[in-house]
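Encoded as structure tokens, the structure appears first; notes follow it.
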Amino acid sequence: MITRDEISILLDHPVYDGDGNKIGDAKHVFLDDASGRPEWVTVKTGMFGSSESFVPMRDAALVKDHLEVPYRKDKVKGAPNVDIDAGGHLSVDEEQRLYEYYGINWDSVLTDPGEHDRGTGTGTADTGTAGAAGAAGAAGAAGAAARPGGAAGTPGAAGSAGHRAEARTGPRDDAMTRSEERMHVGVERRETGRARLRKYVVTEEVQQTVPVRHEEVRVEREPITEANRGEAMEGPEISEAEHEVTLHEERPVVTTETVPVERVRMTTEEKSEDTTVRGSVRKERIEAETEMDEESGRRGRDVPGKGRE
């Protein structure tokens with residue numbers, strides 16, 4: 001069991017589940033109003049520690065520099081939301097809702113914590129070790145005397161029923177803590193689309209000019225001379241004759257062949273650009289007011305930004 005003296009050690013330190021997975025960091029400890037025992041611890045979970053979840057402390061253990069609880073990480077992160085700033089106390093309804101979520105029988109919470117009746121837990125604590133569910137059943141036993149209808153012999157403690165106060169460690173002083181929210185911006189990688197290469201066939205009309213040749217008939221006439229008279233006088237004097245010449249021409253012949261012309265592939269490259277992110281953060285402001293009696297007739301107000309804070 002975690003003692004009050006160990007509270008300052010575990011605050012702002014990691015909290016692990018029964019499987020060794022880090023859940024978050026311990027931020028607040030709530031004590032039983034009657035007994036003063038640590039009953040609940042809040043754990044910062046989520047991206048950038050954006051939420052706090054309540055976890056029972058009865059079966060938690062302080063191991064070296066971190067706290068171990070017998071509940072799985074997803075179980076803790078799914079715990080009911082409770083307003084941390086609601087006066088520093090848990091109401092009866094809030095605490096009963098948390099006990100039911102962690103599988104702890106509400107009736108067992110009203111038993112004497114000294115009995116350690118670990119058989120009253122009715123739910124499962126989602127732990128990875130045997131018997132952890134029964135151990136969680138006793139986590140609500142602390143502070144039974146602080147609840148109405150508790151164990152016999154404790155009727156006088158009903159005035160603080162159901163409340164768990166936030167722990168305060170160290171000596172009290174008159175200083176006031178001013179807090180503010182800080183915005184943390186991260187990035188996530190998501191799919192924006194897909195690109196693909198697709199090959200298809202198109203038909204184009206192309207033209208090309210090539211020279212072609214053909215033969216034409218040309219009649220040549222030459223006069224009879226002494227040189228060709230002998231050839232001209234051969235044959236009959238008057239007769240019919242015929243002479244044939246074969247004509248030729250060239251025609252274009254088209255054939256096609258497939259040849260590779262280029263290689264095409266797709267690659268990606270990253271481009272960086274600046275994006276402005278806007279958000280809202282809350283900040284506390286502290287100002288001092290001074291009230292005097294009517295005889296002095298003076299009233300003061302210290303406003304932040306004008307000398308003091």
Side-chain angles (χ1 to χ4, degrees), residues 14-25 43-53 71-81 126-128 180-282:
V15 178
Y16 287 80
D17 63 10
D19 295 333
N21 301 312
K22 182 180 178 181
I23 304 173
D25 295 326
V43 183
K44 274 278 191 182
T45 61
M47 183 177 293
F48 308 120
S50 56
S51 61
E52 288 189 44
S53 300
Y71 303 96
R72 292 180 184 266
K73 180 177 181 178
D74 54 354
K75 183 74 173 181
V76 174
K77 293 181 68 173
N81 293 327
D126 276 357
T127 65
E180 65 183 28
E181 294 178 339
R182 300 288 175 86
M183 186 172 72
H184 300 279
V185 181
V187 295
E188 64 174 357
R189 189 178 184 89
R190 63 186 184 91
E191 184 176 299
T192 57
R194 293 178 178 271
R196 63 178 60 88
L197 286 177
R198 183 169 63 90
K199 184 170 71 172
Y200 58 96
V201 178
V202 297
T203 301
E204 296 181 352
E205 294 294 334
V206 296
Q207 66 180 22
Q208 183 176 345
T209 301
V210 296
V212 293
R213 296 176 299 175
H214 68 278
E215 296 177 344
E216 295 182 353
V217 175
R218 186 176 64 183
V219 177
E220 296 181 354
R221 299 175 184 273
E222 59 181 21
I224 302 300
T225 64
E226 292 296 333
N228 60 14
R229 181 178 296 275
E231 295 179 1
M233 296 302 291
E234 291 181 356
E237 296 181 357
I238 300 297
S239 66
E240 293 182 357
E242 185 177 282
H243 183 70
E244 183 178 285
V245 175
T246 302
L247 301 177
H248 298 86
E249 71 174 3
E250 295 178 341
R251 292 183 179 180
V253 177
V254 178
T255 61
T256 61
E257 65 173 335
T258 302
V259 295
V261 293
E262 66 177 347
R263 297 280 292 168
V264 181
R265 66 172 56 88
M266 288 199 319
T267 61
T268 62
E269 60 178 334
E270 291 189 351
K271 300 290 186 179
S272 297
E273 60 182 13
D274 294 331
T275 300
T276 302
V277 179
R278 293 181 173 86
S280 299
V281 295
R282 298 177 300 168

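On a predicted model such as this, the values are computed, not experimentally measured, just so you know. Side-chain atoms are counted along with the backbone in the values below, which use heavy atoms only and exclude waters and symmetry mates. Count residues from 1 along the sequence.
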**Prompt:** Got a second to check how far K73's NZ is from I23's CD1, nearest 0.5 Å?
**Reply:** 8.0 Å
**Complete:** In short, T246 meets E215 closest at the heavy-atom pair O-OE1, 3.2 Å
**Asked** Is the closest side-chain heavy-atom distance between V245 and V217 below 4.5 Å?
**Response** no
**Prompt:** Side chain of S53, backbone of A79: donor and acceptor closer than 3.5 Å?
**Reply:** no
**Asked** Applying the side chain to side chain donor-acceptor pair (under 3.5 Å) test to R213, which of E249, H248, E250 qualifies?
**Response** E250
**Request:** For the pair D19 (side chain) and N21 (backbone), establish whether a donor and an acceptor sit closer than 3.5 Å, ignoring hydrogens and angles.
**Result:** no
**Asked** R218 and E216: salt bridge (Lys or Arg N to Asp or Glu O under 4.0 Å), yes or no, with the steps?
**Response** CA-CA 6 Å; R218 186 176 64 183; E216 295 182 353; over 6 Å; no
**Request:** Decide yes or no for D17 and V76: does some side-chain heavy atom of the first lie under 4.5 Å from some side-chain heavy atom of the second?
**Result:** no
**Message:** If you compare all heavy atoms of I224 against all heavy atoms of R229, which two are closest, and at what distance to 0.1 Å?
**Reply:** CG2-CA, 4.0 Å
**Salt-bridge contact R182-E180 (side-chain N to carboxylate O under 4.0 Å)** = yes
**Asked** Which pair of heavy atoms, one from D25 and one from P14, lies closest together, and at what distance?
**Response** OD1-CA, 3.5 Å
**Asked** What distance do R194 atom CZ and R196 atom CZ have between them, rounded to the nearest 0.5 Å?
**Response** 8.0 Å
